[in-house]
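Encoded as structure tokens, the structure appears first; notes follow it.
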Amino acid sequence: MRIGIICHPTFGGSGVMATELANYLGRKGHILHVISHALPVRLDQCNGNVNFHEVIVDPYPLFHYQPYELALASTIVETVRRENLDILHVHYAIPHAYAAYMASQILKDQNLNIPIITTLHGTDITLVGKNPAYKPAVCFSINHSTHVTAVSQSLKEQTTELFKIQKPIQVIPNFVDSSQYRREPISLRRTIAMDSQAIICHVSNFRPVKRILDVIQIFKKVNDQRDSKLIMVGDGPDRVQAEELVHDLGLSGNVIFRGKTYDVQSMLGISDIFLLPSETESFGLSALEAMASYVPVVASRVGGLKEVVDHGINGYLEEVGDIGAMAEDVLRLLNDDIKISDFSKSSRSKAESFSMERVGGIYLKLYKSIINEKE
Ligand code: GMT
């Protein structure tokens with residue numbers, strides 16, 4: 001098959017999923033054309049079947065906002081025509097579903113019919129999409145997609161609550177390639193922490209929805225009881241506030257801000273516990289990646305996290321903002337070698353149930369059935 005994938009190129013989960021899917025399908029022998037405004041961080045450029053098209057928006061002084069959707073729609077039209085694509089898969093509704101719809105109308109005018117699958121990832125619905133400034137256009141473009149998928153049952157339910165959706169929404173969860181995740185040798189761990197110290201990790205885009213100040217407060221409570229290290233991976237608007245809090249709580253020697261990284265596997269591979277106390281989380285891909293690295297997760301009981309983490313088996317889920325309960329969960333695990341080892345093994349086996357082979361296969365089946373229907 002010849003597949004177009006449209007995504008955000010950033011470290012966020014939707015871009016990571018889209019890119020990993022493209023890499024996987026390329027390895028399976030399909031031809032992939034990934035369209036975005038920059039090279040996606042995890043795209044496998046060594047794979048000859050995976051191609052990248054950059055959307056170029058020439059700045060023009062008349063425009064207060066540069067018309068990205070227009071440039072994207074035009075790039076989609078050109079790519080579908082030139083590369084003879086069978087199907088488009090857009091990740092994250094805003095602005096991709098809208099631009100893909102426009103492209104499909106332009107192509108229809110040229111007697112070309114291109115089906116569109118829209119995958120909803122979370123904030124495109126729960127935060128950005130429900131904003132009245134975008135809602136009608138988001139709702140319209142979801143309803144005009146050929147097929148709609150959501151990354152969790154929870155996101156499917158939220159979407160039908162927030163929007164008048166006339167299309168059935170198929171739940172296809174995110175996946176992880178567990179072969180890329182492992183425990184790292186002790187020598188790497190020793191570059192961060194002493195053997196007596198636990199390593200706690202958080203990975204996100206440091207937006208308010210991630211509640212990274214809760215991460216610091218939870219860590220403070222843990223560290224008061226047990227000398228530990230916290231690795232903060234990622235970057236974003238709340239970083240400065242978090243660094244100030246670390247300083248004010250006297251934790252500067254124990255908290256490391258690593259910034260954005262291409263090698264999240266190594267950070268997770270030396271960690272003991274992963275913290276994700278988010279306000280909302282449609283799935284929690286970073287939690288799944290931690291679990292693939294044998295790292296139990298302590299998180300909030302929200303959205304799709306309930307479909308990823310099994311409370312009391314491979315992690316703990318608490319109410320949003322309950323930093324006391326989350327700190328107790330972390331300490332319960334750190335103070336019980338047998339429990340943490342059981343949770344760690346169970347985390348890995350849960351992650352394996354979200355395998356790339358299984359979920360990638362579901363997407364392939366979906367593409368085939370849509371393309372066959374079209375013909
Ligand atoms: O979490 C973010 O702010 C990034 C966002 C994205 O678009 O990359 O993540 C969303 O999509 C991920 C991939 O499907 C999910 O794992 C995240 O849970 C979801 N984020 C939220 O719902 C807050």
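Both counts, for ligands and for their atoms, begin at 1 and track the order of listing.
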Exercise. With clusters built from Ile, Leu, Val, Met, Phe, Trp and Tyr whose side-chain heavy atoms come within less than 4.5 Å, directly or transitively, what are the remaining members of the cluster of Ile313, listed by chain and number?
Worked result: none
For this session: Could you list all the side chain to side chain donor-acceptor pair (under 3.5 Å) pairs where at least one residue sits in residues 188-200, not counting sequence neighbours?
Result: Arg189-Asp272, Arg190-Asp195, Gln197-Asp227
Problem set entry | Carboxylate-amine/guanidinium contact Asp224 Lys220, below 4.0 Å | yes
Just list the side-chain donor-acceptor pairs under 3.5 Å for residues 103-117, sequence neighbours left out, or say none.
{"residue": "Ser104", "atom": "OG", "partner": "Tyr101", "partner atom": "O", "Å": "2.7"}
{"residue": "Gln110", "atom": "OE1", "partner": "Arg81", "partner atom": "NH1", "Å": "2.7"}

Exercise. So, Lys210 and Glu279, do they make that salt bridge, N to O below 4.0 Å?
Worked result: no
Problem set entry | Side-chain donor-acceptor pair present, Thr261, Asp263, cut-off under 3.5 Å | no
For this session: Please list, by chain and number, the protein residues whose heavy atoms come under 4.0 Å of ligand 1.
Result: Gly12, Gly13, Ser14, Tyr92, His121, Gly122, Thr123, Val151, Asn174, Asn205, Arg207, Lys210, Thr280, Glu281, Ser282, Phe283, Gly284, Leu285
